[in-house]
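This report refers to the structure that appears directly beneath it.
Sequence lines set the chain letters: A, B, ... in the order given, protein chains first and strands last, and positions in each chain run from 1.
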There are 2 protein chains.
Amino acid sequence: MPAPIKSAKPDFEVIRRNKVYEEVAKQIERLILKKLKPGDKLPSERELAEILQVSRSSIRDAIRGLELVGLVEPRQGTGTIVRERPTESSVNPFADALKRRQGLVTELLDFRKMLEPPLAARAAANASAEEISEMEDILLRQEKKQSRGDAAIGEDAEFHYSIALASGNSVVLKVIDTLMDLLRDTREHSLQVEGRAQKSLAGHRRILAAVKRHDAEAAKSAMRRHIEDVEEIVLNTKF
Amino acid sequence: MPAPIKSAKPDFEVIRRNKVYEEVAKQIERLILKKLKPGDKLPSERELAEILQVSRSSIRDAIRGLELVGLVEPRQGTGTIVRERPTESSVNPFADALKRRQGLVTELLDFRKMLEPPLAARAAANASAEEISEMEDILLRQEKKQSRGDAAIGEDAEFHYSIALASGNSVVLKVIDTLMDLLRDTREHSLQVEGRAQKSLAGHRRILAAVKRHDAEAAKSAMRRHIEDVEEIVLNTKF
DNA sequence: GGCAAGTGGTCTGGTAAGCGGACCAGCCCA
DNA sequence: TGGGCTGGTCCGCTTACCAGACCACTTGCC
């Protein structure tokens, strides 16, 4: 195993002003990942401006960026739609990050292995009836998709997110946002791998079952096992 | 126990442009927390501008903010010094957040209870000789301070940070940054409480001992026990 | 005592991001 | 066909930030 870089503890970190359109791009990207399928329409630019509380110009800058990367295609008069497959555009910043990506995926999984089992235990202890039925819905959607042979990427992420929600700890949500940011470059790879794996479905079923009978220990170990399965798949997948 | 607020899963979050001087203020605040004692001088405005790669005006705006809150006192010709005790200034945004604070402290501790034990286990498995001796140094400083009756706030945080570093997972570091941001409003309370507790010292000793003999299970349970101790102290402290 | 170096305090002019609004051009449906 | 939606374009204004200059004050050294 290659030693991960251990950064010295810095007193200061150079400050970079965050640009609004970059922030907008992130959120749109996240929306696409979580809820939208290729072919779906984004909310209109004016709507987005309203929702995100920024000007339409900033929305447009963001969309222009996503268009350059090939994620999205604006059509005058119709709206902006999510592309089928991220096109291989000439502008591909991801290519550079290939090597770092592999390490990051591994570390993210390792982190999830630490955090998610106790999270599942909390969820088993605290989950309300609504939260459980939400999980069931997501799982059902995942099953339907996979039986059609589709990758259930969004559903996979949603399932884990719903577990986090049910833990009743709002700090977790902030942390998840951080992880999502880290995931941006990696999205296609680790999530798709996970989303395609049949094993993932079985893992989710076991976790949900434990949560439903409020068995914290079982939920914890089911989650641990599930992530170890995913880990195995990822490690055996060529990048 | 009051039910924590369970926010609905938001598709979007309003975008706020981060202002450079706010970012600067955060970093200075963190520096004060980690390294500086009351009476110490901050680096000069020109130095800070150089280090953080921002203009002196932004540094000044940030310092003006910290001055308003009473954290810091600029003296012409001398420098800017850290105040003895945060003065009760008329501008006290923290007062409003009192109720939320209590909840946040609890949730943060709960989160740490989930994350830090497996983190300690990783540290026990991976820690290098240098990392272990770093931990020993920190612990020694903490012991010295506490035997003088001082609160060892910085050392406490440093100890936990060194454990995180030794886990060899860089994702954790990102997450810690997120937590630090959340901690800002809470700093005085939870950290000081923890820093003052004699029990915390004993807990750290046990953790370090386990890490030194690379006993992952022992490190994990020592950390769990330590955080539970801290939790108990915090819960029995009036806010 | 006085000077030089370093500090915070103040002011100015310039730049770029973002805002808000107006208007155009294309699409779609009643 | 027209009205209402969409994205495309343009312009002027505001704000945060930068860069640099200069002042006022403290400190320490000669």
Side-chain angles (χ1 to χ4, degrees), chain A residues 12-29 31-32 36 38-84 87 89, chain B residues 12-29 31-32 36 38-84 87 89:
Chain A
F12 289 110
E13 201 169 305
V14 171
I15 289 176
R16 226 181 63 76
R17 184 175 193 174
N18 74 345
K19 294 173 189 168
V20 168
Y21 62 85
E22 284 176 0
E23 222 56 39
V24 173
K26 269 192 211 173
Q27 294 221 22
I28 295 180
E29 213 177 340
L31 178 72
I32 292 177
L36 267 38
D40 282 356
K41 262 197 324 198
L42 293 188
S44 79
E45 297 180 351
R46 289 170 176 87
E47 269 182 80
L48 285 171
E50 177 74 17
I51 297 173
L52 294 176
Q53 295 288 308
V54 297
S55 78
R56 203 183 140 211
S57 341
S58 300
I59 302 285
R60 289 188 52 72
D61 286 346
I63 290 183
R64 162 125 19 189
L66 297 177
E67 183 189 3
L68 278 176
V69 192
L71 240 182
V72 114
E73 178 186 342
R75 292 184 189 162
Q76 191 171 140
T78 309
T80 302
I81 63 171
V82 179
R83 263 200 205 283
E84 279 304 326
T87 58
S89 73
Chain B
F12 289 111
E13 201 169 305
V14 170
I15 288 176
R16 230 182 59 76
R17 184 173 191 177
N18 73 346
K19 294 174 189 167
V20 168
Y21 63 85
E22 284 175 359
E23 221 55 41
V24 172
K26 270 192 212 173
Q27 294 222 21
I28 295 180
E29 212 177 340
L31 178 72
I32 292 176
L36 267 37
D40 282 356
K41 265 198 320 200
L42 292 188
S44 80
E45 297 180 352
R46 290 169 177 84
E47 269 182 80
L48 285 172
E50 178 73 17
I51 297 173
L52 294 176
Q53 295 288 309
V54 297
S55 78
R56 205 185 137 209
S57 344
S58 299
I59 301 286
R60 288 188 52 72
D61 286 345
I63 290 183
R64 162 126 19 189
L66 296 177
E67 183 190 3
L68 279 176
V69 192
L71 240 181
V72 113
E73 177 186 342
R75 291 185 189 161
Q76 188 170 143
T78 310
T80 302
I81 64 170
V82 179
R83 264 200 204 282
E84 279 305 325
T87 59
S89 72

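Nucleotide D:dT9 holds its P atom 11 Å from the CD atom of A:E45, rounded to whole Å. Rounded to whole angstrom, the span from the NZ atom of B:K19 across to the P atom of D:dT15 amounts to 11 Å. The CD-P distance, from B:E50 to D:dA19, rounds to 10 Å in whole Å. For B:R75 and D:dC25, the CZ to C1' distance is 13 Å, given to the nearest whole Å.
B:I51 and A:V14 get closest at one heavy-atom pair: O-CG2, 4.0 Å.
Within the 4.0 angstrom heavy-atom criterion, base atoms lie near B:R60. Within 4.0 Å of B:S57, counting heavy atoms only, lies at least one base atom of the nucleic acid.
Position along DNA chain D of the nearest nucleotide to B:S55 versus B:R46 favours B:S55 as the more 5'-ward residue. Toward the 5′ end of DNA chain C lies the nearest nucleotide of B:R17, the other residue of the pair B:R17 and A:G77 mapping further downstream. Both A:G79 and A:R64 lie close to DNA chain D; mapped to their nearest nucleotides by heavy-atom distance, the more 5′-ward contact belongs to A:G79.
Residue-to-nucleotide contacts include a donor-acceptor pair under 3.5 Å from the side chain of A:R56 to the base of D:dG8.
Phosphate contact (OP1/OP2 of D:dC25, side-chain N/O of B:T78, threshold under 4.0 Å): absent. Residue B:S58 places at least one side-chain N or O closer than 4.0 Å to OP1 or OP2 of D:dC18.
The main-chain N or O of B:N18 is found under 3.5 Å from a side-chain atom of A:N18 such that the two form a donor-acceptor pair.
Distance check, rounded to the nearest 0.5 Å: CD of A:E23 to CD1 of A:I28 gives 11.5 Å. Note that CG of A:L31 and NZ of A:K26 are 15.5 Å apart. Values are rounded to the nearest 0.5 Å. Here the CG-CD1 distance, from A:L42 to A:I63, works out to 6.0 Å after rounding to the nearest 0.5 Å.
B:Q27 is listed as a side-chain neighbour of A:I15, based on a closest heavy-atom distance under 4.5 Å. Counting heavy atoms from C-beta outward, A:D61 and A:V24 have side chains that stay 4.5 Å or more apart.
Running 5' to 3' along DNA chain C, contacts with non-hydrogen atoms of chain A at under 4.0 Å begin and end at C:dG18 to C:dC27.
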